[in-house]
Each structure stands twice: as structure tokens, then as C-alpha cells.
Asker: 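Structure below; questions to follow.
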2 protein chains.
Amino acid sequence: MGRDIAEALGLLLKRSTRVGLHRRLTDGAGEGVDELTYPVLSGLARTGPRSAADLAHEVGLDRSGVTRRASTLEAAGLVRRDPDPTDRRATLLTLTDEGERVVAALRERLADHITDSLRSWPPDEAAAFAAQLRRFVAEGPFG
Amino acid sequence: MGRDIAEALGLLLKRSTRVGLHRRLTDGAGEGVDELTYPVLSGLARTGPRSAADLAHEVGLDRSGVTRRASTLEAAGLVRRDPDPTDRRATLLTLTDEGERVVAALRERLADHITDSLRSWPPDEAAAFAAQLRRFVAEGPFG
DNA sequence: AGCATAGCGTGCGCCGCGCACGCATATCCG
DNA sequence: CGGATATGCGTGCGCGGCGCACGCTATGCT
């Protein structure tokens, strides 16, 4: 039964890599945001202002990569570099209002997409599935 | 509610990219198989012998990439290049017995991993979740 | 004060990837 | 039946992202 999940997961991932989901999601989403910068943007929205090193660990990328992507986003006006008030070495990456708006729009777009694909499901089943998926991810094998 | 799924999916994907899941899965799995070659191996196991072009479309990669990865796997003795009997231009990529064994072992390893992480779930809930996940992927927004 | 440590940005080298070319074969059409 | 076009394959090339390491600044500990 774990085998069923593994198989479904495999298929899901096959279509959801950077070149799949993130590329399609961010296609035509404006200046500076693409399949590479999106994870940074999204991670930042998820946890609020964070240091580059923190974000790097979160995204599973090298710190330098996060820095560079953040610079792209900064140039596009979606991310701001604020000095950390408690540590003058650190700079906190923060979403600008525009950045917040963009990421919110993208998330809504994805959510709509998913909701739409669940149109034919009984509502209670869909809700149960959502809850279980959340739980699976939270407890899941990829913690 | 699609929003819940989207969020969970985002978290899931964040940890399941090539550098995450596939890397950890194939770590120490033997010569020639790593996070890059695994998708080729796995896709081949899923659909049987196929041409490189077909596989490329399946994996969402350029044909040249598939060719190169297949060469790696061939050198490791996991994949064989058979001439297509119906078309002398084409070469069918085929898993060797050793290749079958390796991919089976990897899948079992992943399945065990997942099953293990569902230990605390009521069995019927887990089964229902597996079925729903399969359905979601089949009908899903990333067809 | 002084040394070890942590955070940041940047230059460098590696490597995967997409593009395009050349070659072999197959198919189509006159 | 034969030339033209199309398809499949492997490979060379250039681009670009990424990890590593360096230099710099700031911090903390003794």
C-alpha cells in the first residue's frame, strides 16, 4: 500500500519538477519571477523575513544561489534587503508589498487550478483528501 | 480547499526535487544510478522497452540528455540497447535483469519508507488516502 | 585587545542541458 | 523505381545554474 503511494508520488513528481509545475506556474507572471526565483519568493512568503542562510537551508540550495536569486527579485522590486536590527552583519530578505501581491496571486492561481481539477469529487471526499495530504506531508517520510 | 492542497503540495515538492528525494533514494544504490539517471531507469521500468525519443517526452527532458544518461546506465550494465526489429534506425532502451533488480529494490525501499511513515495511521484511512492520491494524480492538474 | 566564528556577496570552475549538425534509415511521391 | 523529405540517433558546442572558496565586516568569547 505504501507501494501505491510511492507509485503515485513518482508520477506526481515526474510532472512537478522545476521544469514542470514551477515553470508553468510562473509563466508570464511578471518581471524577475520564474521557475528559479519562485521557490525563494514562496519560501519567504511562508515564513516571513529571513536571512539568506536560513532560506538556503529551507529551500535546499546553496547560500550563494539564494543570494543571487534574491538579487534578481530585488531588482524586480519584489524583495527588499533590510538590515537585521539585532545583528549588523545579517540582512533580512523581506517581501515588498508588490512581492506579497505577486506570490498571493500565484498561489491563488495554483489553488484555483487544483480546485478545478477536483470539480468531480464529492466535497467531503475532497476535504478529507486535503486534510490527509497535509498530515502526510507533515509527518511524512521527507521530513 | 484547493488552497490547502496547494500548500501541502508545495511543501511536498520542496522536499522532493531531484536533489531531495531522488538523491537520497539513490544514495549508495550502486554504480551508475544516481538522482539524474534514476528517472530514466524508473520510466523504463514503468513502460517497458522504449525509444530514447519516447522516453525523453515521458521524462520531460531533451532527447540528448536521455541518450547520455542511458549511456551511463549502459556502461553500468543496467540498460541494454537493442535494435528495434521493425525500424533499423531506432534502438530500444531495455532494462537488463540487473537493471530490473536494481529498480525493484529501489522501489521497495521507497515503499517501505512510506509505509513506515504511515505506521500510526488507521489502515483503512491509509488505504483510502492511497486510492485518493492515485486518483488525484491520474485526473490531476498536471496531466 | 585578540582570536575564533558567523553572515554576506562575488569570482571561478564544473557539469547538465538544449540546440543543431551529421549520418543512417525509412517513407512518400512522381 | 529513384530522388526528396522526414525521422531517429549520437555528439559537439555554448549557455547558465550551482557549489566551493575567498575576502570582508561584524560578533562573541576569553
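Each chain gets a letter, A, B and so on, in the order the sequences are listed, and its residues count up from 1. Since we're looking at a predicted model, the values are computed, not measured.
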Asker: Name the closest nucleotide to the A:R68 side chain, picking from C:dG11, C:dG7, C:dC19.
Answerer: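 The listed nucleotide nearest to A:R68's side chain is C:dG11.
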
Asker: Within the pair B:R63 and D:dC9, is there a side-chain N or O less than 4.0 Å away from OP1 or OP2?
Answerer: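 For D:dC9, neither OP1 nor OP2 has a side-chain N or O of B:R63 closer than 4.0 Å.
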
Asker: Between A:S64 and B:L92, who's closer to the 5' end of DNA chain D by nearest nucleotide?
Answerer: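 Whichever sits nearer the 5' end wins; that is B:L92.
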
Asker: Is it the case that C:dC8 (base atoms only) and A:S51 (side chain only) share a donor and an acceptor within less than 3.5 Å, ignoring hydrogens and angles?
Answerer: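 When only heavy-atom distances are counted, A:S51 does not reach the base of C:dC8 through any donor-acceptor pair under 3.5 Å.
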
Asker: Please determine if a side-chain N or O atom of A:R81 lies less than 4.0 Å away from the OP1 or OP2 oxygen of C:dC8.
Answerer: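 Looking at the OP1 and OP2 atoms of C:dC8, neither is under 4.0 Å from any side-chain N or O of A:R81.
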
Asker: Could you tell me whether a side-chain N or O of A:T91 sits under 3.5 Å from a main-chain N or O of A:P83, the two making a donor and an acceptor?
Answerer: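 No: the side chain of A:T91 does not pair with the backbone of A:P83.
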
Asker: Could you tell me the separation between the CG atom of A:D84 and the C1' atom of D:dT27, rounded to a whole number of Å?
Answerer: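 Rounded to whole Å, this separation is 12 Å.
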
Asker: In this structure, how many angstroms lie between the P atom of C:dG7 and the CG atom of A:L93, rounded?
Answerer: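 The distance from CG of A:L93 to P of C:dG7 comes to 13 Å, rounded to the nearest Å.
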
Asker: CZ of B:R89 versus P of D:dG8: gap in Å, rounded?
Answerer: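 Distance, rounded to whole Å: 6 Å.
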
Asker: In this structure, how many angstroms lie between the C1' atom of C:dA6 and the NE2 atom of A:H57, rounded?
Answerer: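 Between C1' of C:dA6 and NE2 of A:H57: 16 Å.
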
Asker: In whole Å, what is the span from the CG atom of B:L61 to the P atom of C:dC19?
Answerer: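 From B:L61 CG to C:dC19 P: 11 Å.
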
Asker: Check the distance between D:dT11's C1' and B:E74's CD and give it to me in whole angstrom.
Answerer: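 The distance from CD of B:E74 to C1' of D:dT11 comes to 15 Å, rounded to the nearest Å.
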
Asker: With heavy atoms under 4.0 Å as the rule, sort A:T91 into base, sugar-phosphate or nothing.
Answerer: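 Touches sugar-phosphate only.
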
Asker: Find which nucleotide of DNA chain C each of A:D87 and A:D62 is nearest to by heavy atoms, and output the residue with the more 5' nucleotide.
Answerer: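 The answer here is A:D87.
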
Asker: Just by distance, no angles: are the side chains of A:T37 and A:D34 close enough, under 3.5 Å, to form a donor-acceptor pair?
Answerer: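 Yes, A:D34 and A:T37 have a side-chain donor paired with an acceptor closer than 3.5 Å.
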
Asker: What's the CG-P distance between A:L55 and C:dC8, to the nearest Å?
Answerer: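 Computing the A:L55:CG to C:dC8:P distance gives 10 Å.
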
Asker: Measure from CZ on A:R69 to P on D:dG16 and round the result to the nearest Å.
Answerer: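 To the nearest whole Å, that distance equals 15 Å.
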
Asker: Between A:R119 (side chain only) and A:D116 (backbone N and O only), is there a donor and an acceptor less than 3.5 Å apart?
Answerer: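 Yes, because the side chain of A:R119 sits within donor-acceptor range (under 3.5 Å) of the backbone of A:D116.
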
Asker: Tell me whether the OP1 or OP2 atom of D:dG10 has a side-chain N or O from B:T67 closer than 4.0 Å.
Answerer: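 True: B:T67 side-chain N/O within range (under 4.0 Å) of D:dG10 OP1/OP2.
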
Asker: State, without any angle test, whether A:R68 and A:S64 hold a side-chain donor-acceptor pair at a distance under 3.5 Å.
Answerer: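 Present: a donor and an acceptor within the cut-off.
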
